[in-house]
Each structure stands twice: as C-alpha cells, then as structure tokens.
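Scroll down for the structure; my scribbles are underneath it.
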Amino acid sequence: MTYEETSAKQRTERFGMSHLSIEVGHLYADDLARPDALKEEMASAAAWVHGTTEALTRRLGGRTPRVSTCYLVDDYFHQDLPSPEKLIAVVTEAAADAGLRIDYLARESACARMGGLDLAGLVADRIVFEPPPGTNGSRPPVARSGWLCNGVPSPKPKRVAMGAADQWVPPSQNARREHSVFLDVELWNDTEQGRRWSCPMLASVWQLLRLGVLRDQGRRIGVPEPVDAVVPVEHGHDPDRARSARFPETWAAMPPILQLKADAFPFPAYRTVSVLSVDFLEVEHAVRVICGAVRPDAGAVESIRKSAAREGAALPDELVDRLTYIFQGPL
C-alpha cells in the first residue's frame, strides 16, 4: 500500500508520509570522545521511541503507525569530525546495543545548502514577521538585521536636553500567557567567508524538512539516498581500504540525507518528536519562534493536511504545533 499526499495544485510533488518522525539524537564532535555516554543516550532514546510508538498506536485505534527514526550529524560547525565510515559505525553500533534502529542519517550542513540550493536562505525568505501594534518601525526588518523576536523588545530610552531619560519599558511577548517570555533569535551573521547560519536557523530547516513542507517550485526537497546507492571515493593509495569502504572519505561528499534501512517508513512525517539533551532546550525554543513565523508552500501544507485527515490523523492548524520534544538529562 502506498501513502501519498494529494495535491491542491498540480505542480506540488506527491510522496509518502510517515505518521511520526523521531529524532533519536544530534551528534556533536565531543560526543565521540565519550562512547559510554553516547550508548546511555541511545538506550534512553530507545525507551522513548518504544513508548511514543505505543502511545501513537493507541491514538490510531490499534493500527500500526508508520514511524521513522533519524539522526543529525553536526558537520556545519565542526569540520573535524571522524570520517563517515568511522562515525556511522560508532553511531549504528551504539544504537544496535540499545535495541534501537536508525533509519536515516542527515548532515546539518545540508540544512544550509543542499546541492545547488540555498536551503536556509529559501526558508529565511519565507519568514513573515508582523510587528505588533505600538511598534515605531525603528527596528530593521528580519531580512536586513538577521534577528527575529517573538514580541516587542524594550525601546531604547531617549534622553531629552537637561532632563532624565524616559522610563524603562519591559519587553512584551506576542500571545503571552499572563507573563511574557521574550526571545530575540539571531538567524545568521555575515563574515568574510560569507553568511554563517545560526544553530537555531539550521535546526528549523531540519524540522521543516522532516515535516515535508519545503518545496522548490513544487518539487520535493530532501529526498533520502539509499545507503546501497552511495559510491565511495578512492581512499588514497590504499586499494584494500578502497575496496572495503562503504562511504566517501569526507562528509561533504556524503548525501544530505542517507537512508540506512531499506525497509524504513518515509522520512517526512505528519508530526515530529525530537529526543535531545537538555542542552538543546534554548535552541529549540528559538526553533519554535522561527518555525512559527515561516509560511511554507501553501499547496504542500494543504495536501499534507488532507492526506492526514483521510487517515484519521488530524493535524493542528499551526505548523509549529506539530513539533514535540523530549529533553533528557543525566539520571
């Protein structure tokens, strides 16, 4: 049986969707220096995957849910990672020891640029910030400043001649509940080497990829490449190593999203769950602010909603409400 989107517009590409995409980890270079901690995180993630899948099964009335798992490797801020051959072996071994399968492995740098597509720039162009009433226009637009907030920041006090400064005014969150939690997020900075995207911005692209809502002129973005289709490059002058290698020597030569399991359910899903270290709490708060301001392809959003409705998997109106998190710390 094939599960596909129906398209509100003929140009919108159709593809299979899972009910749930579970991110079981986000690898930093430092994690490889503590293999025991990595195995503990995998074991904890496995428990959450099993529990979340069971809860989803009950929600679907006993039907077997389509659940895919994924893992993100930080090759954007850290170019000194071990080779794909070594790192993938470490991660998959730790997962296997925990009784956890990893269906997809993705590169964080692909969230900035995928092939010839400026993917982060495409998402940034879709950010719609609506200034709340009372703002005076002194703050430059997101497209120029590279900063996005979830409300109104404190205005800069003005001094009058021979007088005291204006009274301080606190920031205010849009749609606050009783009290404000104001957040100002840096999306990028411009360096001599070019634009440098922030971790929250790349993580937002990652979430939107997993929700399947990104399109380039109607075409799907982020199609996983099967592991058997990856062609390793020559490993120097070592023919034995070249024959045994499964992957290229560098991460830049790797596919943006690698499908590790041939029988995996689809990578994009109606909803996402991210099982992360508590260290990511601030980043993911920023991710929700960004995703809440992004207006993705309308045809893609509508077709996914209709597909989910046919399966009895009703979705929230707001895209950001399809993101769920499990933050875990040391026990």
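All values derive from a computational prediction rather than experimental measurement.
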Looking at Trp48 and Ile22, would you say the former's side chain and the latter's main chain have a donor-acceptor pair under 3.5 Å? no
Hey, is Arg66 close enough to Glu311 for a salt bridge, meaning N to O under 4.0 Å? yes
Under a 3.5 Å threshold, yes or no: a donor from one side chain and an acceptor from the other, between Arg210 and Ser274? yes
Can you confirm whether His50 sits close enough to Thr53 that some side-chain heavy atom of one is under 4.5 Å from a side-chain heavy atom of the other? no
N-O pairing of Arg101 and Asp263 below 4.0 Å: yes
Do you see a donor-acceptor pair shorter than 3.5 Å between the side chains of Tyr104 and Ser21? no
I'd like to check Arg113 versus Leu119 (side-chain heavy atoms, cut-off strictly below 4.5 Å). Are they in contact? no
Between Leu187, Leu148, Val185, which is the residue that forms a side chain to side chain contact (heavy atoms under 4.5 Å, CB included) with Pro200? Val185
Report, as yes or no, whether the 6.0 Å neighbourhood of atom CD on Glu225 holds more than 12 heavy atoms from other residues, nucleotides or ligands. yes
Return yes if some donor-acceptor pair links the side-chain N/O of Ser198 with the main-chain N/O of Glu186 below 3.5 Å, else return no. yes
Would you check if Thr52 and Ile326 make a side-chain contact, meaning some heavy-atom pair closer than 4.5 Å? yes
Mutual orientation of the aromatic rings belonging to Trp206 and Phe267 [parallel < 30°, tilted 30-60°, perpendicular > 60°]: tilted
Under the 6.0 Å and 45° cation-pi test, does Arg220 pair with Phe15? yes
Between Met201 and Val123, is any pair of side-chain heavy atoms under 4.5 Å apart? yes
Is there a donor-acceptor contact under 3.5 Å from the side chain of Asp36 to the main chain of Lys39? no
Are Asp118 and Arg195 close enough for a salt bridge, meaning some N to O gap below 4.0 Å? no
With distance as the sole criterion, is a donor-acceptor pair present between the side chains of Ser68 and Asp103 under 3.5 Å? no
Hey, are Arg219 and Asp216 close enough for a salt bridge, meaning a charged N less than 4.0 Å from a carboxylate O? yes
Side chains of Leu202 and Phe77, heavy atoms from C-beta outward: is any pair under 4.5 Å? yes
Give a yes/no verdict on a cation-pi contact between Arg176 and Phe182, requiring under 6.0 Å between NZ or CZ and the six-membered ring centre and an angle within 45° of the axis. no
Looking at Arg288 and Glu284, does any basic side-chain N land under 4.0 Å from a carboxylate oxygen? no
Do any N or O atoms from the side chain of Arg107 and from the backbone of Met254 form a donor-acceptor pair under 3.5 angstrom? yes
Is any side-chain heavy atom of Lys86 closer than 4.5 Å to one of Phe247? no
Trp147 CH2: over 12 foreign heavy atoms closer than 6.0 Å: yes
Contact check, side chains of Leu100 and Val49, non-hydrogen atoms, under 4.5 Å: yes
Considering residues at least two apart in sequence or located in another chain, which fulfil the side chain to side chain contact (heavy atoms under 4.5 Å, CB included) criterion with Ser277? Asp279, Phe280
